[in-house]
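To start, the structure itself, in structure tokens.
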Amino acid sequence: MEKVVIIGAGPAGLTAAYELLDSGKAFEVTVLEESNVLGGISKTVRFEGNRMDIGGHRFFSKDDRVMRWWFDKMPLQGAPALDDRILEREKPLQPGGPDPEQTDRVMLVRDRVSRIYYGGHFFDYPISMNFATIRNMGFLTTVKAGFSYLGSLVHKRPEDSLENFYINRFGKVLYTMFFEGYTEKLWGRHPRDISADWGAQRVKGLSIAAVLKDILRKIFPFQNAEVETSLIEQFYYPKLGPGQLWEWVGQEIERKGGRVLRGCRVDAITAEKGKIRSVGYTHQGERKCIEAEHCLSSMPVKDLVTAMQDVPPPCAEVAAGLPYRDFVTVGLLVPKLHLKNTTKMKTLGNIVPDCWIYVQEPSVKLGRIQIFNNWSPYMLEDPEHTVWVGLEYFCEEGDDFWTMEDADCIRFATEELIGLGILERGTVLKSHRERVKKAYPAYFDTYDRMGELVKYLDTFSNLYCIGRNGQHRYNNMDHSMATAFEAVQNIVEKRKEKANIWNVNTEKAYHEHK
């Protein structure tokens with residue numbers, strides 16, 4: 001049997017392990033995971049009867065392989081057939097909240113509702129050309145935004161930065177209002193200092209023109225009309241969060257004869273004659289080593305290179321300089337939010353229907369607000385009488401916000417929500433803080449030299465870099481899974497070329513902007 005070592009038990013690593021064991025070929029598969037939880041940033045955190053999704057993970061993809069993997073292979077029943085792609089709403093919850101006996105293996109269909117909070121007003125996300133938007137912006141600002149957008153159509157800026165990328169698609173006025181401040185919160189850098197590649201992968205076809213096209217599509221529906229992923233209105237979601245899926249995948253890997261080892265920190269990669277020979281790791285203070293005929297790595301490429309020996313200095317320099325943004329979520333359980341549901345959408349407890357609220361307000365550090373009730377009411381112990389929100393912050397490991405004590409961080413986040421008028425003082429019932437390292441691979445510093453590193457890593461014939469951090473690419477879950485599909489196909493078919501793996505999520509057609 002060929003020995004395969006997979007580093008990382010996130011979507012990419014677990015998908016690769018499952019596919020190898022399901023290929024009909026003889027593989028001995030071992031997955032090494034540093035933490036004690038499966039799913040990477042797609043895990044679901046459990047806290048006193050409630051669950052938190054780290055960053056929010058919509059189950060929607062234009063990749064048929066991914067969609068069929070979710071529904072044909074996973075025991076997540078209750079979803080409609082894939083052929084017609086009609087998203088049907090699940091049955092209403094019964095009085096008294098979720099039935100614990102019905103919470104396993106069921107995929108829900110959820111409405112995609114997100115809004116932007118800016119200048120004390122709420123705007124649709126993506127921006128909609130409707131009366132509410134004009135009213136909140138004001139007539140004069142709307143006119144300025146319109147002329148600014150028309151100007152961007154006539155005078156295109158060179159797309160040598162994320163700032164110019166946005167201005168070319170939205171105009172300077174809308175860019176300043178809805179992209180500049182939030183992007184700087186997210187990355188800790190001004191958009192003028194960030195590569196346009198991030199926009200090409202995260203926003204792609206989304207623009208004012210795309211929004212207008214979507215409005216016309218709704219008025220005059222055309223069969224087979226393409227919809228920008230940022231404009232989708234519904235998505236699938238496991239009742240108990242994305243971790244429900246990945247925990248099941250881990251169990252299936254072990255049932256099929258694979259091993260999933262947790263608490264294993266990989267810190268040594270040995271190679272000889274252009275091949276990875278072994279992977280060294282530490283488990284409960286004990287040093288261990290495992291032979292590898294194939295190595296699939298979804299660990300941060302920066303750490304992968306650090307673990308390797310005799311790396312050429314220029315490549316080591318690129319890897320050492322690759323930047324990341326880290327992530328903190330503060331969960332607050334409250335009786336209610338100080339927000340009225342002014343929409344026509346019905347929700348349990350009549351709360352606002354938003355999955356996310358993007359906080360563009362420059363006066364606060366807060367980036368987004370997740371309302372877990374609207375992802376799945378089964379994430380809560382008592383969804384009829386409480387609201388479970390996640391306040392999302394972007395920072396850097398080791399900075400003042402990251403090192404803040406839990407109680408201080410929770411107090412800080414609570415005060416910001418009170419200051420925004422979204423929460424009433426003294427109403428927090430429970431709270432939890434979750435930190436995630438290297439959540440977002442960033443597109444500045446040595447990123448522009450990533451090609452040098454890719455070329456070097458590809459000299460190892462049996463090394464396959466997969467997933468978001470494995471490729472230092474801001475992939476969504478479906479793209480991370482797609483890199484695993486490609487890598488497994490290469491291994492099974494004994495392909496030497498790896499361009500198919502690196503080319504996942506480089507198309508310009510679609511992406512889900514978060």
Side-chain angles (χ1 to χ4, degrees), residues 10-12 14-16 18-19 40-42 53 55-74 76 79-89 107-114 125-126 165 169 197-207 209-218 221-238 242 245-246 249 355-356 375 466-468 470-471 473-489 499-514:
L14 292 174
T15 299
Y18 185 103
E19 287 295 294
I41 63 170
S42 298
D53 185 348
H57 293 82
R58 300 186 181 107
F59 283 66
F60 177 87
S61 179
K62 290 188 178 180
D63 188 328
D64 285 338
R65 297 173 302 175
V66 174
M67 294 294 286
R68 294 199 177 279
W69 203 89
W70 283 335
F71 293 111
D72 291 353
K73 294 188 176 182
M74 298 297 97
L76 299 171
L82 287 176
D83 293 341
D84 52 16
R85 292 292 175 85
I86 297 175
L87 302 180
E88 300 173 349
R89 189 183 307 278
M107 188 77 92
L108 304 178
V109 174
R110 312 307 294 158
D111 290 307
R112 182 198 191 282
V113 182
S114 300
Y125 177 84
F165 178 93
R169 284 155 181 77
D197 285 0
W198 186 84
Q201 288 180 1
R202 296 305 295 183
V203 180
K204 294 188 177 177
L206 182 61
S207 63
V211 172
L212 294 174
K213 181 180 177 182
D214 186 64
I215 293 172
L216 291 175
R217 180 187 63 81
K218 293 173 182 176
F222 296 98
Q223 190 174 5
N224 298 324
E226 284 291 317
V227 181
E228 283 300 324
T229 309
S230 291
L231 300 174
I232 65 169
E233 296 179 349
Q234 291 184 317
F235 59 92
Y236 295 110
Y237 195 77
L245 185 150
W246 297 116
V249 174
C355 299
W356 267 316
W375 291 87
I466 58 175
R468 174 183 284 205
Q471 295 193 337
R473 181 173 294 152
Y474 199 156
N475 289 329
N476 273 350
M477 181 168 54
D478 60 333
H479 295 103
S480 293
M481 293 172 65
T483 64
F485 291 146
E486 296 294 333
V488 169
Q489 186 175 18
N500 59 316
I501 305 172
W502 290 105
N503 286 341
V504 170
N505 189 25
T506 58
E507 81 285 357
K508 303 296 183 184
Y510 110 94
H511 207 300
E512 170 83 54
H513 175 55
K514 290 186 179 177

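When each of W70, Y236, F235 is checked for a ring-ring contact (aromatic ring centres under 6.0 Å, His included) with F59, only W70 meets the rule.
Here R468 contributes atom CZ and M477 contributes atom CE; the two are 10.5 Å apart, rounded to the nearest 0.5 Å. To the nearest 0.5 Å, atoms CD (E486) and CE (M481) are separated by 13.0 Å. Atom NE2 of residue H479 and atom OG of residue S61 lie 6.5 Å apart, to the nearest 0.5 angstrom. For the atom pair F165 CZ and D197 CG, the distance stands at 9.5 Å (nearest 0.5 Å).
Between I466 and W502, every side-chain heavy-atom pair lies at or beyond the 4.5 Å cut-off. In this structure, V66 and F485 have side chains that are in contact, with non-hydrogen atoms separated by less than 4.5 Å.
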Task: Audit row: W246, T15, side-chain contact (heavy atoms from CB on, under 4.5 Å) steps and yes/no - done: CA-CA 9 Å; W246 297 116; T15 299; 3.5 Å; yes
Open item on the list: Using side-chain contact (heavy atoms from CB on, under 4.5 Å), reason through R58 and R112 one step at a time and then give a plain yes or no.
Closed with: CA-CA 9 Å; R58 300 186 181 107; R112 182 198 191 282; 3.8 Å; yes
- [ ] Could you please spell out the steps behind the salt bridge (Lys or Arg N to Asp or Glu O under 4.0 Å) verdict for E19 and R65?
- [x] CA-CA 12 Å; E19 287 295 294; R65 297 173 302 175; over 6 Å; no
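T483 places a side-chain N or O within donor-acceptor distance of the main-chain N or O of S480, the cut-off being under 3.5 Å. Side-chain N or O atoms of R473 include one that pairs as donor or acceptor with a backbone N or O of V504 at under 3.5 Å. Judged by distance alone, with hydrogens and angles left aside, the side-chain atoms of Q471 form a donor-acceptor pair with the main-chain N or O of I501 at under 3.5 Å.
With sequence neighbours left out, S42 forms a side chain to side chain donor-acceptor pair (under 3.5 Å) with H57.
Here the shortest heavy-atom pairing between N475 and G467 reads ND2-O, 3.5 Å. Closest approach of A484 to A12, counting heavy atoms only: CB-O, 3.3 Å. Across all non-hydrogen atoms, the minimal contact from A482 to D63 is CB-OD2, 3.8 Å.
Using bins of under 30°, 30° to 60° and over 60° for the plane-to-plane angle, the ring pair W375/W356 lands in the perpendicular bin.
A donor-acceptor contact under 3.5 angstrom links the side chains of Y237 and D53, judged on distance only.
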